Amino acid sequence: MTQTPKTLRIPQEAKDRLRIMFIAKHALGDGSLHPEDGNHAVYHHEVRTILEGLGLNLLLANRYEALFEDPGADFVFPLLNRGGFLNSEMLLPLLCTRLGIPFLGASPIVRGLSDDKHLTKLEAKARGVPTSPWAIYRRGAPVREADCPMAERMVIKPNASSASWGVSDAFDWKGVEEAVAGIHAQGHDAIVEPFLNGSDVEVPVITVDGEPYIMPMMLFEQADPSHLRTYYEKRDLVDRAQKYQLVEFQDSYWQPKIDALTRKMVEVFRPFDYGRYEFRLDLEKGEVQMLEVNLNCNLWSQKVYGRSARAAGISQEALIETILCESLMRHGLIERSAVSGD
């Protein structure tokens, strides 16, 4: 049986005192589906609406330039993660750090560590967490076949990206080489690894009372275990109803094993406030491998976090407020003794 996590409420005194900036690409949007970013625009509007509903003293921004100089905020809730350039995940945390403004999520260097799939896989390997072999091809460095763990089918993707942007597959070295060149041409490093059959187990982790709390795991259950999920599917820009579905993962054999692996990886990134740990599970082979870690990931009610919260018996509003409240306490902006919870 899933345990309901403790939820927290931000004291009214803190709501009146603190000026909180919410910065996201679509923070000023109307909630409509975006032609390129798809449901990300809907997601940003939902978070803004929830923050407004909490009665916070809220400042809104949708550009990095809002933090080039002090905006007069006491705390930043940053969701402007995908800037369209290499390592953009680090820019908002760096801008906040430069100004001395506390912010939600991990430090800039830890955000960079999680955003770099190669470095995350090195951390997994060092801790005995299984992950598939891979090759990293940095832009400007040699692209050598000898470095590539070639298999019958290979996956090539930007080393730092989200929602499967730029992902493709290839079946020989020529195809790999061309895909890497295409990613380099767009200004990104490339990571290459064998394709893994199976479905993705998504493990959302939040912070409760200063400690990581593993929410109910979710499974992207694929009709075809060999299907390569794309950016357009993840952003609801094309129909994917018959390809996979998001369901709660309750496998009594694999759930505790993945829980243990997640706890090993969690220690690499603390404190991070919230993050999603991803594993590929091949039930036919009886194998699980870590794919990647996404800090400051998608919190939308229709994606992993929202569906997991629902499985845990808490509302989307309670989820957002708990994550924010924990971070405010971690940064010393609210006394833990002043916070009430359920």
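Along the sequence shown, residues are numbered consecutively beginning with 1. Heavy atoms only: backbone and side chains are in, while hydrogens, waters and symmetry mates are out. Everything numeric in this text was worked out from a predicted model, so none of it was measured.
- Residues Arg111 and Leu295 share a closest heavy-atom pair of CD-CB, 4.1 Å.
- A side-chain donor-acceptor contact under 3.5 Å links His184 to the backbone of Tyr137.
- Contact check for Val339 versus Pro11: side-chain heavy atoms found under the 4.5 Å cut-off.
- The heavy-atom pair separating Leu324 from Phe75 by the smallest distance is CD1-CE2, 3.5 Å.
- A distance-only check finds a donor-acceptor pair linking the side chain of Thr120 to the backbone of Leu113 [under 3.5 Å].
- Nearest heavy-atom pair across Ala170 and Gly175 is CB-C, 3.5 Å.
- Annotation: salt bridge (charged side-chain N to carboxylate O under 4.0 Å, His left out) contacts of Glu69 (sequence neighbours excluded): none.
- Residues Ile191 and Lys117 approach most closely at CD1-CB, 3.9 Å, considering heavy atoms.
- Distance alone, capped at 3.5 Å, is enough to place a donor-acceptor pair between the Asp189 side chain and the Arg139 backbone.
- Taking Glu193 as the reference, Lys121, Lys157 meet the salt bridge (charged side-chain N to carboxylate O under 4.0 Å, His left out) condition, with sequence neighbours excluded.
- We find that Asp116 and Arg138 are joined by a salt bridge, their nearest charged nitrogen and carboxylate oxygen being less than 4.0 Å apart.
- Environment of CD1 in Ile109: sparse, with no more than 12 heavy atoms of neighbouring residues, nucleotides or ligands closer than 6.0 Å.
- Taking the side chain as every heavy atom from C-beta outward, Val155 and Val167 approach each other to under 4.5 Å.
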Does Glu211 form a salt bridge (charged side-chain N to carboxylate O under 4.0 Å, His left out) with Arg270? I'd like the steps, not just the answer.
CA-CA 9 Å; Glu211 294 295 325; Arg270 291 180 67 178; 3.3 Å; yes
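- Glu52 CD: more than 12 foreign heavy atoms inside a 6.0 Å radius.
- With hydrogens and angles ignored, the 3.5 Å screen pairs no side-chain donor or acceptor of Arg280 with any backbone N or O of Phe195.
- Using a 4.0 Å cut-off between charged nitrogen and carboxylate oxygen, Glu326 and Arg336 count as a salt-bridge pair.
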Side chain to side chain contact (heavy atoms under 4.5 Å, CB included) between Met218 and Glu248: does it pass, once the steps are laid out?
CA-CA 4 Å; Met218 304 300 293; Glu248 188 174 357; 4.3 Å; yes
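- At a threshold of 4.5 Å between non-hydrogen side-chain atoms, the residues Leu319 and Gln316 count as touching.
- Note on Glu267 versus Lys264: no salt bridge recorded, every NZ/NE/NH1/NH2 to OD/OE distance being 4.0 Å or above.
- Between the side chain of Asp251 and the backbone N or O of Trp254 there is at least one donor-acceptor pair closer than 3.5 Å.
- When all heavy atoms are compared, the tightest approach of Tyr305 to Arg276 is OH-N, 4.1 Å.
- Hydrophobic cluster membership is shared by Leu58 and Ile323, with clusters built from Ile, Leu, Val, Met, Phe, Trp and Tyr side chains linked at under 4.5 angstrom.
- Between Thr97 and Ser107 there is no side-chain heavy-atom pair separated by less than 4.5 Å.
- A donor-acceptor distance shorter than 3.5 angstrom exists from the side chain of Tyr43 to the backbone of Leu299, with no hydrogens or angles considered.
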Trace of the side chain to side chain donor-acceptor pair (under 3.5 Å) decision for Glu278 with Asn294:
CA-CA 8 Å; Glu278 301 184 7; Asn294 287 287; 2.9 Å; yes
Phe272 and Val110: side chain to side chain contact (heavy atoms under 4.5 Å, CB included), yes or no, with the steps?
CA-CA 8 Å; Phe272 57 88; Val110 173; 5.5 Å; no
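- Hydrophobic clustering places Leu8 together with Leu18 (ILVMFWY residues linked when any side-chain heavy atoms are closer than 4.5 Å, directly or through intermediates).
- Within 6.0 Å of CD in Glu152 there are 12 or fewer heavy atoms belonging to other residues, nucleotides or ligands.
- Ile320 and Leu59 fall into different hydrophobic clusters, where Ile, Leu, Val, Met, Phe, Trp and Tyr are joined by side-chain heavy atoms under 4.5 Å apart, directly or via other members.
- At distances below 3.5 Å, not a single donor-acceptor pair connects side-chain atoms of Asn87 with backbone N or O atoms of Gly112.
- In Arg63, the CZ atom is not crowded: 12 or fewer heavy atoms of neighbouring residues, nucleotides or ligands sit closer than 6.0 Å.
- In this view, Asp259 and Ile214, Met217, Gln255, Arg263 satisfy the side chain to side chain contact (heavy atoms under 4.5 Å, CB included) rule, not counting sequence neighbours.
- Of the possible donor and acceptor atoms, one in the side chain of Ser308 sits under 3.5 Å from a partner among the backbone N and O of Pro216.
- Both Val288 and Tyr277 belong to a common hydrophobic cluster when Ile, Leu, Val, Met, Phe, Trp and Tyr are linked at side-chain heavy-atom distances under 4.5 angstrom.
- When each of Leu54, Ile314, Ile50, Thr7 is tested with Glu321 by the rule side-chain contact (heavy atoms from CB on, under 4.5 Å), just one qualifies, namely Leu54.
- Within the 4.5 Å cutoff, no side-chain heavy atoms of Val42 are placed close to those of Glu46.
- Counting heavy atoms from C-beta on, the side chains of Ser199 and Leu281 never come closer than 4.5 Å.
- By the rule that hydrophobic residues join a cluster once side-chain heavy atoms approach within less than 4.5 Å of another member, Val247 and Val304 end up as members of separate clusters.
- Arg98 contributes no side-chain N or O that, together with a main-chain N or O of Leu67, makes up a donor-acceptor pair within less than 3.5 Å.
- Using cut-offs of 30° and 60° for the angle between ring planes, the Phe22 and Phe77 rings count as perpendicular.
- Counting only heavy atoms from C-beta outward, the side chains of Val76 and Leu95 never approach each other to under 4.5 Å.
- Proximity of Phe103 to Pro108: side-chain heavy atoms (C-beta onward) are separated by under 4.5 Å at one or more points.
- Contact between Ala73 and Ile101 at its shortest, heavy atoms only, is O-CG2, 3.8 Å.
- If you run side-chain contact (heavy atoms from CB on, under 4.5 Å) between Pro194 and each of Met150, Met154, Gln289, Arg153, only Met154 comes through.
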